[in-house]
There are 2 protein chains.
Amino acid sequence: MNWPDIQKPTLLLDEQRAWRNIQRMAEKAHAQGIRLRPHFKTHQSAEIGEWFRQQGVNAITVSSVDMAQYFARHGWDDITIAFPANLRQMEGINDLARAIRLGVLVDSVATAAALRERLSAPVDVWIEIDEGTGRTGIPWGRVEESLQVAAALRTGAPLRLQGLLTHTGRAYRAASEGEIRQMYAETVERMNHIRQRLNQHGYAPLEVSVGDTPSCTLAADLGSVDEIRPGNFVFYDAQQLALGVCQADDVAVAVACPVVGVYPDRQEAALYGGAVHLTKDTVGMDGRPAYGLIAFPADNGWGAPIPGAYVARLTQEHGVVHIPEPTIRQVKVGDLLCVLPAHVCLVVSALREYKTLAGKSIKAL
Amino acid sequence: MNWPDIQKPTLLLDEQRAWRNIQRMAEKAHAQGIRLRPHFKTHQSAEIGEWFRQQGVNAITVSSVDMAQYFARHGWDDITIAFPANLRQMEGINDLARAIRLGVLVDSVATAAALRERLSAPVDVWIEIDEGTGRTGIPWGRVEESLQVAAALRTGAPLRLQGLLTHTGRAYRAASEGEIRQMYAETVERMNHIRQRLNQHGYAPLEVSVGDTPSCTLAADLGSVDEIRPGNFVFYDAQQLALGVCQADDVAVAVACPVVGVYPDRQEAALYGGAVHLTKDTVGMDGRPAYGLIAFPADNGWGAPIPGAYVARLTQEHGVVHIPEPTIRQVKVGDLLCVLPAHVCLVVSALREYKTLAGKSIKAL
């Protein structure tokens with residue numbers, strides 16, 4: 001397939017692969033009696049959201065008030081904003097709380113107190129736990145802090161303490177699949193330890209919500225949790241491939257980029273496709289940071305990643321790709337190359353529109 | 001200034017600083033009889049473009065066909081697309097070539113031949129030279145290749161060979177202001193060497209076009225060139241500050257971000273402001289990569305960067321900032337912090353809208 005109508009960097013979507021990825025995760029969660037509340041920040045598309053609904057999903061996760069408003073407008077009525085409550089968006093939070101079942105995150109008494117004062121409709125509150133990643137949340141070992149936040153929540157009528165939530169972001173830094181499974185088991189253990197302590201203080205029932213794509217894909221037994229919130233798995237990407245989480249033919253998106261220069265002596269080509277399209281997240285490639293892997297267009301979308309080829313450098317609109325000899329000799333100006341992005345979520349945010357293999361356009365938020 | 005109406009990551013613009021930055025560069029070029037053809041990929045805004053026009057600028061640079069179309073619609077009639085000609089956008093290129101004076105870049109006989117065949121209106125062609133950066137262009141030492149491309153261009157009526165163009169991207173990797181000045185002098189020398197050789201083969205007159213913000217800001221004497229194309233100088237950013245190219249009070253933009261978590265024991269706060277807002281370019285900060293510097297909001301916009309404070313980590317929507325003791329104790333959830341971006345051009349592409357200190361909204365492309 002030569003995609004003659006593709007003129008500029010274009011996010012290609014293999015619908016069948018995405019559908020299969022959703023199906024696998026939905027079946028796994030269902031078989032274990034665990035709610036799948038997928039994170040929609042990855043695809044950010046009402047139309048792709050429907051593919052989840054058709055596979056039994058009716059509760060979702062997002063990462064901003066704006067994203068919650070978008071999906072609420074598209075018929076989703078059970079949404080958790082898995083991001084610390086932003087006190088500057090109380091009007092939007094209150095509007096959502098009146099319209100749907102809304103979940104928010106709290107990790108401090110200060111935020112709990114502000115919500116209690118300014119919320120005008122009921123919300124589900126999740127205490128966010130930091131299970132070791134060091135981003136947001138109450139460090140898992142400081143149970144006293146979780147108890148203080150729980151106490152601050154108990155006194156406020158519009159706040160329903162729903163449970164404990166975490167994101168094992170450190171799974172992305174794991175060195176092996178075994179380490180990812182071990183981190184997941186640790187996370188589940190830590191969360192249940194806190195749940196038990198809060199139960200002892202009269203907070204019950206409490207749910208536990210976990211979930212990231214590496215852990216939820218690799219862990220055969222999801223353990224004693226009530227819901228999982230992976231997002232990336234709908235498409236996967238080069239980072240997941242490098243972690244051993246997926247196979248190349250699970251990756252459901254690629255960015256088709258026009259070739260604008262070929263430099264065989266340095267085994268490089270220049271793409272129209274730069275930092276504003278591919279974004280600057282990286283994946284390790286033979287010890288170097290790469291901004292994506294490279295494949296040739298194929299009849300059914302794109303081929304397997306070209307061995308040893310990767311996006312080596314990015315400036316605003318330029319991408320410089322390394323393609324080893326002799327393959328670089330096949331590349332001509334005016335061709336397309338497909339980039340398997342390092343981190344697909346950021347690329348979707350940058351490009352905001354998919355083109356399916358059938359040629360259909362699907363908009364993202 | 002507490003900006004009570006700012007709810008989410010917002011690109012603040014200090015108009016006076018931007019105006020002063022434009023004025024300085026316009027005066028410098030004018031005084032030396034050199035055309036300033038500023039790169040509009042930095043601000044990407046028709047309204048900000050008018051500030052340049054009011055200071056005597058009437059020729060501009062862009063980095064894509066889309067950007068050229070946007071500015072042509074807004075009255076600019078002399079535009080160079082400083083990006084290798086994208087053969088997949090010939091329709092757009094031809095439309096522009098019929099409507100305005102259009103410049104395009106060529107660095108191979110293959111592209112020259114394709115343009116000759118497919119152009120339907122005259123364009124100015126610049127042979128792109130790689131003066132040592134290693135991105136696109138003909139390596140400066142291979143004058144024979146430049147001669148071959150010039151010969152390929154001579155045979156085609158719609159192609160007017162305008163001159164030689166380069167971008168000293170390696171200036172961004174310089175270790176000192178002196179090194180930037182030296183790189184610029186080398187670039188000018190290399191470009192004039194090639195010009196002279198082409199002149200000897202009957203290609204004359206030929207212009208030389210150079211320009212990047214570090215060089216054009218620091219070089220007192222712009223030397224034997226016909227035009228300069230800096231872009232970033234309209235705003236500057238933390239990278240330019242780190243290079244010694246500007247002062248903190250020259251930086252004309254900052255991203256105001258809500259504080260959603262404060263973690264004094266690790267001297268960190270969490271911002272609503274992540275990779276999708278701040279982008280992942282970095283600047284060196286005490287030997288570590290930082291995604292931006294931090295300032296408090298102030299009556300006249302924002303204050304000086306907080307010593308030792310920086311954006312340490314970014315995920316999709318979260319930013320984690322390091323703020324040393326005791327300053328971290330002043331930060332509360334619900335506050336705003338201002339981030340001086342590492343690389344402003346990417347941040348403008350991500351956010352696409354400015355808010356001036358007077359509270360006015362200005363759209364970017």
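For the options B:Thr279, B:Thr315, B:Val259, heavy-atom pairs under 4.5 Å to chain A are most numerous at B:Thr315. Counting heavy-atom pairs closer than 4.5 Å to chain B, the top residue among A:Glu128, A:Lys8, A:Met90 is A:Lys8. Contact count against chain B (heavy-atom pairs under 4.5 Å) is highest for A:Thr136 among A:Thr136, A:Thr111, A:Leu87. Comparing A:Asp66, A:Leu105, A:Val65 by heavy-atom pairs within less than 4.5 Å of chain B, the highest count is held by A:Asp66. Per-residue heavy-atom pair counts under 4.5 Å with chain A were compared for B:Glu317, B:Lys332, B:Arg135, and the maximum is reached by B:Arg135. Between chain B and the options A:His343, A:Glu268, A:Gln316, A:Lys280, the largest number of non-hydrogen pairs under 4.5 Å is found for A:Gln316. Here A:Ser63 is the residue among A:Ser63, A:Gly261, A:Ala270 with the most heavy-atom pairs under 4.5 Å with chain B.
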Please assess A:Asp265 against B:Arg142 for the test side-chain contact (heavy atoms from CB on, under 4.5 Å), listing each intermediate value before the final yes or no. CA-CA 13 Å; A:Asp265 56 307; B:Arg142 300 199 202 152; 2.5 Å; yes
Evaluation steps, side-chain contact (heavy atoms from CB on, under 4.5 Å), between A:Val348 and A:Phe235: CA-CA 11 Å; A:Val348 170; A:Phe235 300 145; 4.2 Å; yes
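In this structure, the portion of B:Asp107 lying under 4.5 Å from any heavy atom of chain A is its side chain and not its backbone. B:Ile138 does not touch chain A: none of its heavy atoms, backbone or side chain, sits under 4.5 Å away. Within the 4.5 angstrom heavy-atom criterion, only side-chain atoms of A:Val320, from C-beta onward, approach chain B. The part of B:Ala85 that comes within reach of chain A is its backbone (N, CA, C, O), which places non-hydrogen atoms under 4.5 angstrom from that chain. B:Tyr272 touches chain A through backbone and side chain together, each having a heavy atom under 4.5 Å away.
A 4.5 Å side-chain heavy-atom check between A:Val339 and A:His277 finds every atom pair outside the cut-off. Side-chain contact check for A:Val123 versus A:Leu159: some heavy-atom pair is nearer than 4.5 Å.
Annotation for B:Glu91: atom CD does not count as buried by contact number, only 12 or fewer foreign heavy atoms lying within 6.0 Å.
Using cut-offs of 30° and 60° on the angle between ring planes, the pair A:Phe71 and A:His43 is perpendicular.
Side-chain N or O atoms of B:Gln267 include none that pairs as donor or acceptor with a backbone N or O of B:Pro264 at under 3.5 Å.
Between B:Thr213 and the choices B:Arg229, B:His39, B:Gln240, the side chain to side chain contact (heavy atoms under 4.5 Å, CB included) rule is met once, by B:Gln240.
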